Protein chains: 2
Amino acid sequence: MSTETTDAFQALADRGRREILMMVAKEKRSINAIAENFDISRPAVSKHIKILQNAGFINIEEKGRERYCVLNQTGFSEVQQWINTFEEYWTAQFRSLENYLASNVPVSKK
Amino acid sequence: MSTETTDAFQALADRGRREILMMVAKEKRSINAIAENFDISRPAVSKHIKILQNAGFINIEEKGRERYCVLNQTGFSEVQQWINTFEEYWTAQFRSLENYLASNVPVSKK
DNA sequence: GATTTACGTAACCTAAAAGTTACGCATTAT
DNA sequence: ATAATGCGTAACTTTTAGGTTACGTAAATC
């Protein structure tokens, strides 16, 4: 795990990390609280957290010796933006389907 | 590259694969046509295509000995759905910000 | 019908991701 | 002051991802 990853998609590639995000979405959690819900060791979780943080999916709220994870919209937006890039393609597809239907499929008349 | 990958996020983890999707979004392309635009070998591209296909991002249109790649919305929708899962979280965040502002921040009066 | 083209696939190698244990270091509790 | 807790990190091992070359095969070209 090269924890310096900054790529949002790379960060989401791991199932465990996606589960972590879903857990944190339900409620703010400390590193240990997260680790308790996984089979992997705490240090492993710790690394995942760092990756998610660097990719902009979570923020850390330090409270004494505990570190709470909360969602950060940055990473999600990045992915959303990329998905939106293809919006144009789908609407074009849709329009050409419309054209096809308009010119080729007989409309039932009353 | 275990080409049996069916995971959408896993498929998007690779930069090259994301580029392939963007290329294909511009226009339908054969495997070789795609490979020409990359530094990697054709067999490598071939594997990437298979991964993208299995993950539901592209469909193959066979035309004689050529195989054309076209986008498939399935994979994109899967990712979109996952992103939408967190929608609830952000709106809750927004509402609590609203509440905070309403109760704590003095409104400038005229 | 021989050759070239457009692929897929198997076998293999390398590098990076993901995991572990074993520490160390603050912070909190006793 | 001492012990216990909540982490991060370094060093190491295993697994997987991504790449290659070397084939084979079916369709197009000559």
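By convention in this document, chain letters (A, B, ...) are assigned in the order of the sequence lines, proteins followed by strands, and residues within each chain are numbered from 1. Note that the structure is predicted; figures quoted are calculated from it, not measured.
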Ranking D:dT20, C:dA18, C:dT20 by distance to the side chain of A:Asp14, first place goes to C:dA18

Atom CG of B:Leu12 and atom P of D:dA17 are separated, to the nearest Å, by 15 Å

Next item on the list: Salt-bridge test for A:Arg18 and B:Asp7: reply yes if a basic N is under 4.0 Å from a carboxylate O, no otherwise.
Entry: yes

Rounded to whole Å, CD1 of A:Ile49 lies from P of D:dT9 at a distance of 13 Å

Looking at B:Ser77 and B:Gln73, would you say the former's side chain and the latter's main chain have a donor-acceptor pair under 3.5 Å? yes

With the side chain defined as heavy atoms from C-beta on, A:Gln10 is closest, among D:dA17, C:dT9, C:dA17, to C:dA17

Is it true that B:Asn84 and B:Gln80 share a donor-acceptor pair across their side chains at a distance under 3.5 Å? yes

message = So A:Arg15, base contact, sugar-phosphate only, or nothing? Heavy-atom distance under 4.0 Å.
response = nothing

N/O contacts under 3.5 Å, protein versus nucleotides 10-13 of chain C?
| residue | atom | partner | partner atom | Å |
| --- | --- | --- | --- | --- |
| C:dA11 | N6 | B:Lys47 | NZ | 3.3 |

### Message
Whether B:Lys63 contacts C:dA6 is assessed here as follows: a side-chain N or O lying under 4.0 Å from the phosphate OP1 or OP2. Is that the case?
### Response
no

Whole-Å distance, B:Ile51 CD1 to C:dT9 P, equals 12 Å

Closest of C:dT9, D:dT9, D:dT20 to the B:Ile40 side chain is D:dT20

If you compare every side-chain N and O of B:Ser41 against the phosphate oxygens of D:dT20 (OP1, OP2), does one of them come in below 4.0 Å? yes

Heavy atoms of A:Ala33 and A:Met23 approach each other most closely as O-CE, 4.4 Å

Would you tell me whether A:Glu66 and A:Tyr68 have side-chain atoms, one donor and one acceptor, within less than 3.5 Å of each other? yes

note: B:His48, atom NE2; C:dC7, atom P; distance rounded to Å ~ 16 Å

Evaluate the criterion ring pair (Phe, Tyr, Trp, His ring centres under 6.0 Å) for residue pair A:Phe86 and B:Phe76; output intermediate values, then yes/no. CA-CA 9 Å; A:Phe86 294 87; B:Phe76 294 89; 4.7 Å; yes

Separation of C:dA6 atom C1' from B:Glu62 atom CD, nearest Å, is 12 Å

Practice problem: Kindly say whether A:Asn99 contributes a backbone atom to a donor-acceptor pair with the side chain of A:Ser103 at under 3.5 angstrom? | Solution: yes

ask   = Between B:Glu27 and B:Arg29, is the closest basic N to carboxylate O distance under 4.0 Å?
value = yes

In whole angstroms, the gap separating P of C:dA18 from CZ of A:Phe38 amounts to 13 Å

Polar atom pairs between nucleotides 4-7 of chain D and protein, under 3.5 Å, N or O only, would you list them?
| residue | atom | partner | partner atom | Å |
| --- | --- | --- | --- | --- |
| D:dT5 | O2 | A:Arg65 | NH1 | 2.9 |
| D:dG6 | O3' | A:Arg65 | O | 3.4 |
| D:dC7 | OP1 | A:Arg67 | N | 2.9 |
| D:dC7 | OP2 | A:Ser30 | OG | 3.4 |
| D:dC7 | OP2 | A:Asn32 | N | 2.8 |
| D:dC7 | OP2 | A:Asn32 | ND2 | 3.3 |
| D:dC7 | N4 | A:Arg42 | NH2 | 3.2 |

Donor + acceptor pair across side chains of A:Asn32, A:Ser30 (<3.5 Å)
no

